[in-house]
2 protein chains.
Amino acid sequence: MSEVEGDVCDRATQIVAAAYDLLDEAGLEGLTIRAVLLRTGLARRAFYDCFAGKDDLVLAVFAHTLRLAATLFAEQVDALPDPMARLRHIVTAIVLGRGMADQAPSEQGQRRGAALSREHLRLAEARPAALQKAVSPLIDLIARQMSDGMAAGQVRAAAAPWMAMLVYNLVSTTVHTELLAEEGARPDLQRRTVLAGDIWEFCWRAIKA
Amino acid sequence: MSEVEGDVCDRATQIVAAAYDLLDEAGLEGLTIRAVLLRTGLARRAFYDCFAGKDDLVLAVFAHTLRLAATLFAEQVDALPDPMARLRHIVTAIVLGRGMADQAPSEQGQRRGAALSREHLRLAEARPAALQKAVSPLIDLIARQMSDGMAAGQVRAAAAPWMAMLVYNLVSTTVHTELLAEEGARPDLQRRTVLAGDIWEFCWRAIKA
DNA sequence: CAGCATTGAGAACAGCGTTCTCGAAACGAA
DNA sequence: TTCGTTTCGAGAACGCTGTTCTCAATGCTG
């Protein structure tokens, strides 16, 4: 253990970071074990010492991304007055690609988000428990606002986690279907803004008291 | 051309049928070119004469399934009195797995539906136009009910195709996420029924006038 | 019948995720 | 120090995928 940097085994972190970048640069097709190893300089074996397989890696990226987004959103909505405004902010932010580590709604973040959305259903089938755990930070945040909204009489009484999942699924899949369907490469902020507005109106009507 | 059955080139149909069955039996993982060829007895080359690649095949299955479902739903809703009841019927039927060629909400149909949902985002990225065309029968049917509903004052004024897509995306992804997350193998009709009810309530509130 | 386009059977290729082998390096004990 | 053991990096290998290519058999046309 004479490495100049690195603790016990932050190779997992290192690998996740590489996967993160690869996803940004080339989407799901660009995320291969070999590419990750090439980028990190690690050996094949090191990877399988840290992760049980590719699914584990994708799950880790999933968890990392959503934990980050949830943390960011949680801070941002603190300033907002009521639960409904907070929900609105979260939904809008997801559509606009906020919540990514790097400031703007980058094309990269969009690619990663799309890739993760694409993996969502597969992982739901292959590793339901792990996926649920990975997504929970954001879902829980949304559910919490739902509950608060119910207490405040803004949101209709219903199962908060259930509605949170509905909203998250709707937003996640719709935004990526819509944005990727347009061959226009770069963000197009205006289009995204009306998209965010429309999606939010749909959700708002669905959940309001 | 001395085949006992078969017209000019219904091999495409034959291949799609085989793919259809494979999807039912083993999900996306079971759908491989080799398996299709084995099942149909066709040669490798015959496949690539009919389809440009695997994407084309999946797209064809997509189109076939949704065209069938749309036709079925269109007949079923004819008897219903108002647009909102028709929309309700369609949404509920999708969740319950009606609209499959074979009567009941079979586990097979669920597998195929899940597989197609999983491919949705990938095809949206890789072949947006073709996917749009494949999904259009069902989306259009929903959109038509939306328009009728607007004319009748039951549905809020908005872009009907847009809301139809939102509803379809929500229903499609949610039902499969939910159903596949539960490791319980067979249908569980009761659970599906409350699922259908909840999803419909969400959609109904989102679109009602 | 001769020539030619079509097509079936399957080998071959490139890529993937995953596993295995093997030799070098690192470490602890005598 | 020296030996034995353990760890681990480098990469070959395996089985699978989608796709392309080769080649000979087949059937149609002149």
Side-chain angles (χ1 to χ4, degrees), chain A residues 1-16 18-20 22-23 25-62 115-116 118-119 122-123 125-127 130-131, chain B residues 1-16 18-20 22-23 25-62 115-116 118-119 122-123 125-127 130-131:
Chain A
M1 283 304 167
S2 58
E3 287 288 332
V4 71
E5 56 183 346
D7 209 1
V8 182
C9 185
D10 61 350
R11 301 217 269 222
T13 312
Q14 192 183 350
I15 290 175
V16 168
Y20 202 84
L22 283 169
L23 235 38
E25 293 164 16
L28 253 185
E29 282 67 24
L31 178 58
T32 68
I33 308 287
R34 283 169 172 85
V36 168
L37 297 181
L38 208 70
R39 180 155 305 206
T40 57
L42 266 51
R44 214 165 212 73
R45 170 156 188 172
F47 174 82
Y48 284 98
D49 279 348
C50 292
F51 297 94
K54 194 184 180 182
D55 280 7
D56 250 40
L57 174 59
V58 176
L59 238 14
V61 176
F62 227 115
L116 293 181
R118 264 176 54 184
E119 288 295 273
R122 194 181 59 84
L123 292 172
E125 192 169 352
R127 296 160 138 271
L131 178 69
Chain B
M1 283 299 169
S2 59
E3 285 289 330
V4 73
E5 54 184 349
D7 209 2
V8 181
C9 186
D10 60 351
R11 302 218 269 225
T13 312
Q14 192 183 349
I15 290 175
V16 168
Y20 202 84
L22 283 169
L23 235 38
E25 293 165 17
L28 253 186
E29 281 68 24
L31 178 58
T32 68
I33 308 286
R34 282 169 173 85
V36 168
L37 297 181
L38 208 70
R39 179 154 305 203
T40 57
L42 265 52
R44 209 164 215 70
R45 168 150 188 175
F47 174 83
Y48 284 98
D49 279 348
C50 292
F51 297 93
K54 193 184 180 183
D55 280 7
D56 250 39
L57 174 58
V58 176
L59 237 15
V61 176
F62 227 114
L116 293 181
R118 265 177 54 184
E119 288 295 272
R122 194 181 60 84
L123 292 172
E125 192 169 352
R127 295 160 138 273
L131 178 68

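Letters go in sequence order (proteins before strands), and every chain restarts at 1.
- Look at CG on B:Leu37: it is 14 Å from P on C:dA11, rounded to the nearest Å.
- When the P atom of C:dA12 is taken as reference, atom CZ of B:Arg45 falls 18 Å away, rounded to whole Å.
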All N/O donor-acceptor pairs, side-chain side in residues 35-47 of chain A, below 3.5 Å, sequence neighbours left out:
residue : atom : partner : partner atom : Å
A:Arg39 : NH1  : A:Glu25 : OE1          : 3.4
A:Arg39 : NH1  : A:Glu25 : OE2          : 2.9
A:Arg39 : NH2  : A:Glu25 : OE1          : 3.0
A:Thr40 : OG1  : A:Val36 : O            : 2.8
A:Thr40 : OG1  : A:Leu37 : O            : 3.4
A:Thr40 : OG1  : A:Leu42 : N            : 3.3

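- Listed by chain and number, the residues in a side chain to side chain contact (heavy atoms under 4.5 Å, CB included) with A:Ala126 are A:Asp55 (sequence neighbours excluded).
- Rounded to whole angstrom, the span from the CG atom of B:Leu42 across to the P atom of C:dG10 amounts to 13 Å.
- Summarising the geometry, the separation between CG on A:Asp49 and P on C:dC20 is reported as 14 Å, rounded to the nearest angstrom.
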Protein-nucleotides 13-17 of chain C N/O pairs closer than 3.5 Å?
residue : atom : partner : partner atom : Å
C:dG17  : OP1  : A:Lys54 : NZ           : 3.0
C:dG17  : OP2  : A:Ile33 : N            : 3.1
C:dG17  : N7   : A:Arg34 : NH1          : 2.7
C:dG17  : O6   : A:Arg34 : NH2          : 3.1

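- Results of the side-chain contact (heavy atoms from CB on, under 4.5 Å) test with A:Val61 over A:Leu23, A:Asp56, A:Leu31 single out A:Leu23 as the only residue that passes.
- Scanning for side chain to side chain donor-acceptor pair (under 3.5 Å) contacts around B:Glu119 gives B:Arg122, with sequence neighbours left out.
- The two residues A:Ala60 and A:Phe51 make their nearest non-hydrogen contact at CB-CE2, 3.9 Å.
- Among residues two or more places apart in sequence or in another chain, the side chain to side chain contact (heavy atoms under 4.5 Å, CB included) test is passed with A:Ala130 by A:Leu59, A:Arg127.
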